[in-house]
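In what follows, a single structure is set out as structure tokens and then discussed.
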Amino acid sequence: MQLFKNTKFNFLRHSKLVIGLSLGFMLVSLVVLIARGGFNMSIDFAGGTTVHMKFDQPVRDDLTAIRNSVGSLGYGQPEIKTIGLADNNEIQITVRDMPEGVSVSDKLKEALEETLPNNSFTVLAVDEVGPKIGGELKRDAFITAILALISILIYIGIRFNLPFGLAAIIPLTHDTLITLGIFALFDIELSLPFIAAMLTIIGYSLNSTIVVFDRIRENSKGGLKGRDFADIVNHSLNQTLTRTVITTVTTLFTVAAVYVLGSDSIKDFSLALLVGFTAGGYSTLFIASYILVYWNKKRAIIK
């Protein structure tokens, strides 16, 4: 099925604009990140305790009282948010500071029993991560991401050649930075599911880029022979445009549905995929291709 037949869109002509907008967004995100003092790390990386509770009666109007009660325990500023529908009467309390030898969840239960004596509750789940474990998880997540990028560079370098490998890696880095930028702007937590989303984005974007690179290689067989490399790249992008659009749009529809209809526990994961897949869709068309053409001008990739 071909949605776009015989298109002659000049992607390379708009590449500088797209790259400029992406760099501008990343700069704004960096400024916000510095102003806030870093990312909003979940207890997966920062350490702490998360307690998921279900109350017998509505609790939304009591959130301020709960926040003050928990804050008075001396564990730092707590994060309190409702879970699911309003009728569920469920909240999640996250405390960052976790003293050694202290059961934070028990202290929270005692505080809430005093604050809301007429509203019984049940503890559904308790998640505790020590600061040392959180630091190890953060380090392991960073190493995993770097190893994934290095492995991809080696794979693309062997399958194609070094310029193609770098032209694939840079857009992948772009996609992850754009996603990190969105999470920094809106102060959304970075957690282990977020790392899983990053690796998924890398794999998805790489697959899209390889399809385009394969077509460029096919169209370049036999050398240029008077043809312009930029024209070959543009032609290849137009030939694979239908596949790129259909794959990206259908994937985004699915992820958007998960974000809107899914539970709160996977909203951040689906949001990261939504942003990353969008960035991956246009980075393949406008950034990876531009890097190849720019490299070819400096040092011929295909003669």
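Any value given below was found using the heavy atoms of this structure, including those in side chains, with hydrogens, waters and symmetry copies removed.
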Check against side-chain contact (heavy atoms from CB on, under 4.5 Å), Leu116 and Phe55: CA-CA 10 Å; Leu116 304 173; Phe55 288 78; 3.8 Å; yes
Stepwise ring-ring contact (aromatic ring centres under 6.0 Å, His included) check, Phe277 with Tyr204: CA-CA 7 Å; Phe277 289 169; Tyr204 175 87; 4.2 Å; yes
Donor-acceptor pair, side chain of Thr248 and main chain of Val245, under 3.5 angstrom: no
Linked, directly or transitively: Leu124 and Leu63 (ILVMFWY side chains, under 4.5 Å): no
Ser236 side chain reached by Val233 side chain, heavy atoms, under 4.5 Å: no
Path from Val255 to Phe253 over hydrophobic side-chain contacts below 4.5 Å: yes
Heavy-atom check, side chain of Leu166 versus side chain of Trp295, under 4.5 Å: yes
Heavy-atom side-chain proximity of Met53 to Thr122 below 4.5 angstrom: no
Short side-chain to backbone donor-acceptor contact, Thr115 and Leu112, under 3.5 Å: no
Val32 to Ala184 - nearest heavy-atom pair and separation: CG1-O, 3.9 Å
Exceeds 12 heavy-atom contacts within 6.0 angstrom, atom OH of Tyr294: no
Asn234 side chain vs Phe11 backbone, donor-acceptor pair below 3.5 Å: yes
Shortest non-hydrogen separation from Ala272 to Thr179 and the atoms involved: O-CG2, 3.7 Å
Shortest non-hydrogen separation from Thr209 to Ala288 and the atoms involved: CG2-CB, 4.2 Å
Point-to-point distance, once rounded to the nearest 0.5 Å, from CD1 of Ile188 to CD1 of Ile182: 8.0 Å
Any donor-acceptor pair under 3.5 Å from Asp127 side chain to Thr50 backbone: no
Minimal non-hydrogen separation, Gly281 against Thr244, with atom names: O-CG2, 4.4 Å
Leu292 and Phe213: CA distance, side-chain angles, deciding distance, side-chain contact (heavy atoms from CB on, under 4.5 Å) verdict: CA-CA 10 Å; Leu292 276 182; Phe213 283 1; 3.4 Å; yes
Beyond-backbone contact of Ile195 with Thr144, side-chain heavy atoms, under 4.5 angstrom: no
Trace of the ring-ring contact (aromatic ring centres under 6.0 Å, His included) decision for Phe183 with Phe194: CA-CA 10 Å; Phe183 274 61; Phe194 176 83; 4.6 Å; yes
Arg67 side chain to Glu79 backbone, donor-acceptor under 3.5 Å: no
Whether Phe9 and Phe286 hold their rings parallel, tilted or perpendicular, with breakpoints at 30° and 60°: perpendicular
Spacing of NZ belonging to Lys8 relative to CG belonging to Asn10, to within rounding of 0.5 Å: 12.5 Å
Test item: Leu190 and Asn40 side chains (from C-beta on) under 4.5 Å apart, heavy atoms: no
Side-chain hydrophobic cluster, 4.5 Å single linkage: members besides Val31: none
Residue Lys54 excluded, over 12 heavy atoms near NZ under 6.0 Å: yes
Side chain to side chain donor-acceptor pair (under 3.5 Å) between Asn219 and Gln239, intermediate numbers included: CA-CA 10 Å; Asn219 292 334; Gln239 285 181 317; 2.9 Å; yes
N/O donor-acceptor pair under 3.5 Å between Gln57 side chain and Asn118 backbone: yes
Shortest non-hydrogen contact from Ser283 toward Asp175: OG-OD1, 3.0 Å
Which atom of Phe269 lies closest to which atom of Pro193, heavy atoms considered: CD1-O, 3.1 Å
Worked check of side-chain contact (heavy atoms from CB on, under 4.5 Å) between Glu90 and His52: CA-CA 7 Å; Glu90 297 180 20; His52 184 183; 2.8 Å; yes
Any side-chain heavy-atom pair of Asn89 and Asp56 under 4.5 Å: no
Gap separating the CG atom of Asp187 from the CZ atom of Arg36, nearest 0.5 angstrom: 4.5 Å
Sidechain-backbone polar pair: Asp62 side chain, Ala65 backbone, donor-acceptor under 3.5 Å: no
Can you give the donor-acceptor pairs under 3.5 Å from side chains of residues 20-30 to other protein atoms, not counting sequence neighbours?
residue: Ser22; atom: OG; partner: Val18; partner atom: O; Å: 3.3
residue: Ser22; atom: OG; partner: His174; partner atom: NE2; Å: 3.0
residue: Ser22; atom: OG; partner: Tyr282; partner atom: OH; Å: 3.2
residue: Ser29; atom: OG; partner: Phe25; partner atom: O; Å: 2.9

Worked check of side-chain contact (heavy atoms from CB on, under 4.5 Å) between Lys81 and Thr94: CA-CA 9 Å; Lys81 62 181 180 181; Thr94 300; over 6 Å; no
Separation of Asn296 CG from Ile291 CD1 (nearest 0.5 Å): 13.5 Å
Reported CD1-to-CD1 distance for the pair Ile146 and Ile143, which is rounded to 0.5 angstrom: 9.5 Å
Asn238 backbone acceptor or donor facing Arg215 side chain under 3.5 Å: no
Under 3.5 Å: donor-acceptor pair, side chain of Ser208, backbone of Ser205: no
Minimum side-chain heavy-atom gap Glu113-Phe121 below 4.5 Å: yes
Euclidean distance, Phe164 CZ relative to Asp214 CG, rounded to 0.5 Å: 9.5 Å
Shared hydrophobic cluster, Ile202 / Leu147 (ILVMFWY, side-chain heavy atoms < 4.5 Å): no
